Amino acid sequence: MVNMTGSQIVLESLQREGVDTIFGYPGGVVLPLYDTLPEFPGIRHVLVRHEQAAAHMADGYARASGRMGVCLGTSGPGATNLVTGICTSFMDSTPVFALTGNVARTLLGRDGFQEADITGITQPITKHNYLVMRAENLAMTIREATHIATTGRPGPVLVDVPKDVFQEEAPFEWPSEINLRGYKPTVEGHAGMIRRAAKLINEAERPIIIAGHGVIWGDAGNELVELAEKANIPVVTTFLGISSFPESHELSYGWLGMHGMYYANMAADTADLVIGVGMRFDDRAMGRFSDFNPNAKIIHIDIDPAEIGKNFQTAVPIVGHAKNVLPRLAAEVDAAEHPPWIRWIDKMREDHPSLDIRESRRMLPQYVMRTLYEETGGDATIATGVGQHQMWAGQFYNYKRPRQLISSGGLGTMGFELPAAIGAQVALPGQEVWAICGDGGFQMTMQEMAVLVEEQLPVKIAIFNNGFLGMIRQWQQLFYDKNFSSAAITQPDFCKIADAYGIRALRVEHKNEVALAIKEARAHKGPILVDFQIDQEENVWPMVPAGAALSETIEAPAEEMAR
Amino acid sequence: MSRENGVHVNNGPRHHTVVAIVEDRPGVLMRVASLFRRRGFNIDSLTVGPTESEGLSRITMLVDGESAPIEQVEKQLYKLIDVVKVSNLSQEDMLARELALIKVRANNLNRHEILEIAQVFRADVVDVATNSLILQVTGDEDKIDGLVKMCEPYGIRELSRTGRIAMVRGAKSTTVHEAEPAAIARIHSTQGRRIEGRELPFSSD
Ligand SMILES: Cc1ncc(C[n+]2csc(CCOP(=O)(O)OP(=O)(O)O)c2C)c(N)n1
């Protein structure tokens with residue numbers, strides 16, 4: 001057995017787990033690790049400008065690639081800056097490994113310089129976390145943590161390492177096995193439950209599948225198509241489930257929820273059987289719980305038993321991996337057609353299309369998004385911030401393949417857009433990645449443009465610049481009597497800012513320049529920023545007002561459509 | 001009819017005795033406590049102690065079933081990596097016990113009365129002083145409540161109760177049979193926030 005320092009063990013272990021990139025920022029207690037980094041040329045270190053962005057980049061990297069993302073921060077402020085990003089990935093169940101340094105062991109608990117109890121702080125927002133007190137425990141801890149982050153329902157883990165543990169020497173031994181008594185995810189669905197589910201599906205007249213993020217993480221897209229096609233079951237997705245089912249498929253009926261398609265909401269509300277796959281019946285998707293479709297039976301397939309029965313009573317619970325359960329379920333269901341039901345939804349979609357863009361001379365954000373879709377042939381990976389532009393990105397870009405839309409759904413973290421796009425671009429070299437930004441959210445993390453230049457990442461930045469915290473303005477208009485308090489936001493000249501970083505920039509002020517600008521951005525080899533000065537007061541429709549039921553979905557009011 | 005699960009219809013007992021067998025590691029109690037706080041589950045009592053197997057602790061909780069669907073409590077506990085096994089003993093034929101120490105005001109005139117009460121409750125007198133005595137009693141909560149009530153007129157100076165511990169009657173058990181692999185056990189035995197024999201450096205570096 002060879003002796004290694006704690007730093008070497010950390011990097012060797014991460015490398016053995018397949019880690020090729022760390023998004024990080026140095027500080028006193030992680031200097032031993034930075035000292036060792038050059039010995040590991042197989043690990044690329046991306047120097048961020050704020051640790052929050054490091055966590056978002058690791059998250060974007062994970063969401064784009066399906067592999068665990070790694071971020072690194074120093075003790076105290078470095079660690080606490082990671083918290084928003086860790087929570088973002090916790091809420092959306094993405095595998096992120098956060099590595100932090102802490103003060104030397106003898107100083108722990110004495111409020112030394114830059115000590116923060118980061119394991120305590122992140123306890124409720126990590127799947128698990130560790131404080132490693134001996135170098136000899138590092139390899140096993142990293143293996144365990146990686147295993148926990150990437151299996152079952154994925155999620156973030158945090159490993160906190162005191163400075164002197166990085167420096168301590170210990171024999172390096174790569175653990176041959178891990179065995180956690182308290183962690184044995186159920187992968188295989190229960191045969192009896194699958195049979196009962198199949199029976200319900202066979203008996204149903206109006207079945208609907210609601211596909212969630214778990215279908216993407218379970219790599220079960222094809223299996224879902226197989227099930228849907230065999231029994232001819234319409235599929236809607238949750239917002240995070242977008243891209244789990246090809247939107248061009250004839251059984252695809254968009255996504256449901258607060259800003260979902262009208263027909264998707266109505267279909268979910270009219271079905272007699274709801275089959276939730278890899279989703280958690282969240283309030284943004286289901287509307288007011290007490291009034292969600294009282295007649296439907298629910299089949300819930302999820303890898304996390306705690307999700308089943310959390311918000312709704314379930315007729316058939318199936319705990320298991322979507323990739324295991326779906327094909328077995330497909331094998332047991334009868335081929336079916338459901339013609340009246342399909343016709344009903346088709347008619348609903350015809351009458352309430354939700355996604356038509358009205359003729360207008362204004363630069364409507366919907367038009368910009370649709371044009372981006374057309375110009376990119378629907379192939380780009382899209383990372384978004386939070387707010388109106390996020391919803392338009394969900395509505396007006398059609399997604400073909402899983403992992404194409406990267407967005408903070410559960411926590412709704414503004415500032416996610418640029419760093420997540422950077423993480424995705426690192427994971428997908430040579431592929432087209434767009435950061436769809438709000439003018440508010442972009443200002444939360446725009447310093448990361450420096451990373452684009454330093455790492456030569458050709459991310460295309462599209463700012464949906466409406467001069468407002470748009471979603472705030474929309475809520476104030478609709479629910480706070482147009483009392484626009486702190487909704488308008490001034491911005492710097494984004495083009496000049498980009499220019500200062502050495503990034504090319506275009507400003508688009510007229511509708512007829514949109515397509516051209518996108519073409520130019522795509523033709524440009526490096527990163528580029530496009531400042532779309534969109535219509536300032538456009539709202540997102542349809543909408544389920546906060547606290548209302550899906551059946552109360554409101555469509556765009558006529559006077560707004562006449563604008 | 002609404003299928004929402006937030007509004008909980010309680011058809012079981014109001015208080016559930018939930019036992020969690022957990023890895024004996026630093027921080028595990030905080031994880032359990034933090035889970036209850038975050039999810040808004042109320043606990044009436046919580047006790048922790050070692051089990052028959054090294055490396056495992058037993059947490060016994062008396063959970064208010066009206067604050068949460070008990071199934072969620074169990075599932076959420078299971079999600080904690082350090083929790084190895086969760087059992088709801090309320091669904092079983094169980095034996096529940098609590099121990100209490102009661103320091104009662106006493107003087108020469110009433111001491112014998114208190115001793116008589118103690119006898120009825122089969123409480124032990126474990127300390128006697130000129131103006132107080134300490135009773136030690138075990139039993140279920142009702143019995144202890146009863147004794148406390150009887151002592152109140154004399155004046156209770158101090159009361160300390162352990163909270164419930166419980167066990168299923170008969171051969172059935174809530175133990176964990178899977179041994180921890182040696183390599184992992186070695187790591188766990190060396191976890192903790194302090195490392196001995198180290199001097200405090202003059203300043204952080
Ligand atoms: C970190 C954070 N702070 C506050 C919010 C609340 N919030 C939700 S949407 C929104 C406005 C977003 O504005 P902008 O980024 O310009 O996007 P737009 O809605 O205009 O497309 C705000 C403030 C949030 N989601 N995240």
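Not measured: the values here are computed from a predicted model. Throughout, a chain's letter reflects where its sequence line sits, starting with A, and its residues are numbered from 1.
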Counting only heavy atoms not in B:R157, do more than 12 sit closer than 6.0 Å to its CZ atom?
-> yes
More than 12 non-hydrogen atoms from neighbouring residues, nucleotides or ligands closer than 6.0 Å to NZ on A:K184, yes or no?
-> yes
Any donor-acceptor pair under 3.5 Å from B:E180 side chain to A:R181 backbone = no
Verify side-chain contact (heavy atoms from CB on, under 4.5 Å) between B:E178 and A:N179, making sure each step is shown before the conclusion.
-> CA-CA 10 Å; B:E178 187 186 346; A:N179 184 351; 3.2 Å; yes
How many angstroms lie between OH in B:Y78 and OG1 in A:T186, if you round to the nearest 0.5 Å?
-> 10.0 Å
Value for CG (B:L35) from CD (A:Q123), rounded to nearest 0.5 Å, stands at 8.0 Å
Once you round to the nearest 0.5 Å, how far does NZ of B:K79 lie from NE2 of A:H128?
-> 14.0 Å
If you measure from CD1 on A:I148 to CD1 on B:I81, what distance do you get to the nearest 0.5 Å?
-> 4.0 Å
Side chain to side chain donor-acceptor pair (under 3.5 Å) pairs touching residues 140-149 of chain A, sequence neighbours excluded, are A:Y130-A:E144
For A:D160, is it the side chain, the backbone, both or neither that has a heavy atom under 4.5 Å from a heavy atom of chain B?
-> neither
Do other residues, nucleotides or ligands put more than 12 heavy atoms under 6.0 Å from the CZ atom of B:R161?
-> yes
Excluding sequence neighbours, so at least two apart, what forms salt bridge (Lys or Arg N to Asp or Glu O under 4.0 Å) with B:K75?
-> B:E71
Side chain, backbone, both or neither: which part of A:P175 has an atom under 4.5 Å from a heavy atom of chain B?
-> neither
Check the surroundings of atom CE in A:M140: do more than 12 heavy atoms from other residues, nucleotides or ligands lie under 6.0 Å from it?
-> yes
If one checks every heavy atom of B:L56 against chain A at 4.5 Å, the contacting part turns out to be side chain
CD on B:Q72 to CG on A:N311, rounded to 0.5 Å = 8.0 Å
B:K103 NZ: over 12 foreign heavy atoms closer than 6.0 Å | no
Side chain, backbone, both or neither: which part of A:R153 has a heavy atom under 4.5 Å from chain B?
-> side chain
Around atom CD of B:E158, are there more than 12 heavy atoms of other residues, nucleotides or ligands at under 6.0 Å?
-> no
Structural part of A:Q114 lying under 4.5 Å from a heavy atom of chain B = neither
Which distance, rounded to the nearest 0.5 Å, do you find between the CZ of B:R31 and the OG1 of A:T126?
-> 6.5 Å
Do other residues, nucleotides or ligands put more than 12 heavy atoms under 6.0 Å from the CE atom of B:M94?
-> yes
